[in-house]
> 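One structure is given below, represented as structure tokens, and several questions about it will come after.
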Protein chains: 2
Amino acid sequence: MAERAALEELVKLQGERVRGLKQQKASAELIEEEVGKLLKLKAQLGPDESKQKFVLKTPKGTRDYSPRQMAVREKVFDVIIRCFKRHGAEVIDTPVFELKETLMGKYGEDSKLIYDLKDQGGELLSLRHDLTVPFARYLAMNKLTNIKRYHIAKVYRRDNPAMTRGRYREFYQCDFDIAGNFDPMIPDAECLKIMCEILSSLQIGDFLVKVNDRRILDGMFAICGVSDSKFRTICSSVDKLDKVSWEEVKNEAVLLQTPAQAGEEPLGVGSVAAGGRYDGLVGMFDPKGRKVPCVGLSIGVERIFSIVEQRLEALEEKVRTTETQVLVASAQKKLLEERLKLVSELWDAGIKAELLYKKNPKLLNQLQYCEEAGIPLVAIIGEQELKDGVIKLRSVTSREEVNVRREDLKTGQNGDFNFYYGYFIDYYWQKWPDTTPFSYKALGA
Amino acid sequence: MAERAALEELVKLQGERVRGLKQQKASAELIEEEVGKLLKLKAQLGPDESKQKFVLKTPKGTRDYSPRQMAVREKVFDVIIRCFKRHGAEVIDTPVFELKETLMGKYGEDSKLIYDLKDQGGELLSLRHDLTVPFARYLAMNKLTNIKRYHIAKVYRRDNPAMTRGRYREFYQCDFDIAGNFDPMIPDAECLKIMCEILSSLQIGDFLVKVNDRRILDGMFAICGVSDSKFRTICSSVDKLDKVSWEEVKNEAVLLQTPAQAGEEPLGVGSVAAGGRYDGLVGMFDPKGRKVPCVGLSIGVERIFSIVEQRLEALEEKVRTTETQVLVASAQKKLLEERLKLVSELWDAGIKAELLYKKNPKLLNQLQYCEEAGIPLVAIIGEQELKDGVIKLRSVTSREEVNVRREDLKTGQNGDFNFYYGYFIDYYWQKWPDTTPFSYKALGA
């Protein structure tokens, strides 16, 4: 550290020199030269570790996805997307932010949760709060009156996050919507069907779909003699029925007190999907108020990720985070170039392959790498294999070995490779625990 | 409009009444009741069309992706992801915003392009400018010293967009990086290989990879006698060599004048991928300055999207935006329920199917829908088919028809369906123009 201290002293002195020259109004060239020296000294000094007081974290309410979490996420998305496509949906995407005025007045109370961007001398922008308003804006802007689309993307709410229960400030929504003038209830029925198909495929347990229509509630309120002015308050009370007891809601509804804090969520999972009609929204964007009736659904995937992750945790199940089929290895030294050549051939034949980034790795380390990463096969080459024009394929778990003619790979058909891969893999899967909610065991494989 | 005018008058009067009551400090209950009436009147009135002066647009420098553009995007991503996976990469994701201090000091001049979020009484946040800095933050935060990962996500730069050339303020980056202490040049070589594999697979034409090392430039400058203080300026001049002529750069380098405006990009596509080493970045986040050497590459997909889209445009080629295999149809009336039953059976058997959302659609309209959406098959039912327990499968283009036993579908094996689907599809593809950069003709199919 003595060296560092000396450098720091030099930087200080040079800094004073530059300031002095500027005060003396020295020539621009001289100042430039001395600033150059200062910068060079600072570069030598590097960042000051003691001053590095970065808080190493993601913003409040957000998280990174690790490779393991991504494996779960991709599997869940795969189930959902396959269902949306099965139902003939197109797909669109919209920017993560919208003009602030696009979002204003669309969310009622929730508006205060919208993330605004700083006004940097341009337009006033806000991060999208959901995918429905951008969809309505998209329809009106492109004068579309008829589309069935899905959209999977992140949305943003400056809410108080409850991350352990899968609630974040940045979270995914998976929306499927049908826009257009159709005969009554047919698209609505398809939305319910889709919800059921997805929740069944995900195998996260039994579920109950509650179907409502606001007009039924309106009728009930009218019969109970609720005055129009109390309508909103009563609705907000009734809205709590899934969170607090009937008794509490009844008290609130009768007394019309300031709404109490919403209670804890009951045990169990809570809502994992929701949907409904929004026939008026597109008209709010159309200059002539032309309406496009819409119905749609949204899958609460963050909760589903949580459920699946917890289940995997409980099962202590292995999850592969890569799809590598084979590691190119050697027991002999000085074969880096040959390993690189072989792995290139495999890549060019469409085979998922890796090699260790070491000049002369030990065979044991190469096999260990396979065990850790769940790579089922090793392709071993040595002087003998090179001479014979073969590679030795070895199953990591069974230790079975077989020689494959190398030229079979070069055809790009990888027929032979896949034959052996299939043969070994069947054996390999038998070694994996058979706990198969949407075949976790194949996650990433 | 007379009705509207009357309503507007009522709203105005009621508004005055409410204001009056408030001034008179009338009872809260009375005010609430009158406000309720006002709100109800306003709801009846609906949005005032003449006042709707929304600008219907996306923020400057951003765009929506239409279903057609999404079909291209998915195909390009598919090529890239398959390559990344072939090379054994894991995948991670990070939040779209970071703590502002995480991004500060990492981008030099580019820092002024960072989007800040409004300070809403919480942390100071900025949208990510690239995926590299978040990756380095992720490594340091999780104390990872060894990972090969890819990350495909949107990044944000408040730049002056040139959208026609595929430059946006919100755009995708596709990054592949290898972090860890390895023997020299092995991971670097793999990055180059990946770049070549991807650009070849995308079939966007010939490309040239330029490999550089800053130390070569340093040496050249030293020999030319460039003083340290002039180093940055000279670098910025040399950096323009791909934009302006050698003569101009030479003048600039010799005279060290204020840098001239960068010229127009030359004809041709420009850079579609880039990469390199960044051995110091992770250390800037680690509290103890521990270094994790990294090397990586980034594919400029927005430009690639543009190229592919323009080419599709030029070819006037059809692009399917759904994957629907079959439309469930009927020529007879009153069969909505039967159509719904059949389409459900198809969905449950994993077949991609649609039906028109009409009670009694005309057969001609159903066939037309198939033509427009590129759906190759129609499954027709009528009284006779229902009685016989069959469905009539019809090829939209060849008009060939065949009866399939309905119970074969219910097995969920969809063997029979796929047999006929394959048979008809072969015929169908022959009708599509054969212009096949990564088989455009199969886009979305």
Side-chain angles (χ1 to χ4, degrees), chain A residues 32-33 36 40 47 49 52 54-56 58-60 62 64-67 70 85-86 88 90-97 99 101 115-118 120 122-123 125 138 140-141 154 158 170 182-183 186-187 193 197 228-229 284-285 287-289 321-324 344 347 352 354 357-359, chain B residues 32-33 36 40 47 49 52 54-56 58-60 62 64-67 70 85-86 88 90-97 99 101 115-118 120 122-123 125 138 140-141 154 158 170 182-183 186-187 193 197 228-229 284-285 287-289 321-324 344 347 352 354 357-359:
Chain A
E32 200 178 337
E33 188 121 8
K40 206 185 155 193
E49 290 161 22
Q52 275 196 325
F54 287 129
V55 188
L56 262 180
T58 61
K60 187 179 177 191
T62 68
D64 297 317
Y65 287 80
S66 70
M70 285 300 287
K85 288 192 170 171
R86 197 158 60 234
E90 301 184 284
V91 55
I92 70 160
D93 192 18
T94 64
V96 79
F97 42 62
L99 298 184
E101 58 174 358
Y115 275 100
D116 290 329
L117 269 72
K118 212 163 157 178
Q120 288 149 321
E123 302 156 325
L125 307 177
Y138 177 83
M141 194 172 125
K154 287 174 176 176
R158 232 160 41 79
E170 175 187 61
F182 302 113
D183 282 336
I186 313 180
K193 175 80 172 92
E197 281 183 29
D228 289 339
S229 67
M284 290 173 76
F285 287 108
K288 292 183 181 157
T321 55
T322 71
E323 301 181 9
T324 310
S344 270
W347 288 329
K352 295 166 192 159
E354 289 185 68
Y357 301 130
K358 275 187 84 68
K359 258 163 114 172
Chain B
E32 202 178 337
E33 187 119 9
K40 207 182 152 193
E49 291 162 19
Q52 274 195 324
F54 287 129
V55 188
L56 262 181
T58 62
K60 187 178 176 192
T62 68
D64 297 317
Y65 287 81
S66 69
M70 285 300 286
K85 288 191 170 173
R86 198 158 59 234
E90 302 184 283
V91 54
I92 69 159
D93 192 18
T94 65
V96 80
F97 42 62
L99 298 184
E101 59 174 357
Y115 276 100
D116 290 327
L117 268 70
K118 213 165 161 177
Q120 288 150 322
E123 302 157 327
L125 307 177
Y138 176 82
M141 194 172 126
K154 288 175 176 174
R158 231 158 43 78
E170 174 187 63
F182 302 113
D183 282 337
I186 314 178
K193 176 80 171 92
E197 281 183 29
D228 289 339
S229 68
M284 290 173 76
F285 287 108
K288 292 184 182 156
T321 54
T322 70
E323 300 181 9
T324 309
S344 269
W347 289 329
K352 296 166 191 159
E354 288 185 70
Y357 301 129
K358 275 188 83 71
K359 257 163 114 171

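Just so you know, these numbers use all the heavy atoms, side chains as well, and skip hydrogens, waters and symmetry mates.
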> Output the distance between atom CG (D64(B)) and atom OG1 (T94(A)), rounded to the nearest 0.5 Å.
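That separation rounds to 6.0 Å.
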
> Using modelled atom types and a 3.5 Å cut-off, is there a donor and acceptor pairing between side-chain atoms of W347(B) and backbone atoms of R86(A)?
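Answer holds: yes.
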
> Any donor-acceptor pair under 3.5 Å linking the side-chain atoms of E90(B) with those of T322(A)?
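No pair is found: no donor N or O on one side chain lies under 3.5 Å from an acceptor on the other.
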
> Is K154(A) in contact with chain B via its backbone, its side chain, both, or neither, using a 4.5 Å heavy-atom distance?
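Interface part for K154(A): side chain.
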
> Examine F97(A) together with Y115(B) and report whether their ring centres are nearer than 6.0 Å.
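Ring centres of Y115(B) and F97(A) closer than 6.0 Å.
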
> Given that the side chain runs from C-beta out, which part of Q120(A) has a heavy atom under 4.5 Å from chain B: side chain, backbone, both or neither?
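Both the backbone and the side chain of Q120(A) come within 4.5 Å of chain B.
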
> Chain B heavy atoms under 4.5 Å from E170(A): which part of the residue, side chain, backbone, both or neither?
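E170(A) touches chain B through side-chain heavy atoms alone.
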
> Check whether K40(A) gets within reach of chain B through its side chain, its backbone, both or neither, counting any heavy atom under 4.5 Å.
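For K40(A), the side chain is the part near chain B, not the backbone.
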
> Would you mind checking which part of L125(A) comes under 4.5 Å of any heavy atom in chain B, side chain (CB onward), backbone (N, CA, C, O), both or neither?
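The side chain, not the backbone.
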
> Of the backbone (N, CA, C, O) and the side chain (C-beta and beyond), which part of K193(A) lies under 4.5 Å from a heavy atom of chain B, both, or neither?
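Contact with chain B involves the side chain of K193(A) alone.
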
> Measure the spacing between CG of D93(A) and OH of Y138(A) and express it to the nearest 0.5 Å.
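D93(A) CG to Y138(A) OH: 10.0 Å, rounded to 0.5 Å.
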
> Taking D116(B) for the side chain and K118(A) for the main chain, is one N or O donor matched with an acceptor at less than 3.5 Å?
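No: the side chain of D116(B) does not pair with the backbone of K118(A).
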
> Which one wins on heavy-atom pair count under 4.5 Å against chain A: P59(B), S66(B), G36(B)?
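Among the listed options, the one with the most contacts to chain A is P59(B).
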
> Checking E123(B) against chain A: side chain, backbone, both or neither under 4.5 Å from a heavy atom?
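Looking at E123(B), just its side chain touches chain A.
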
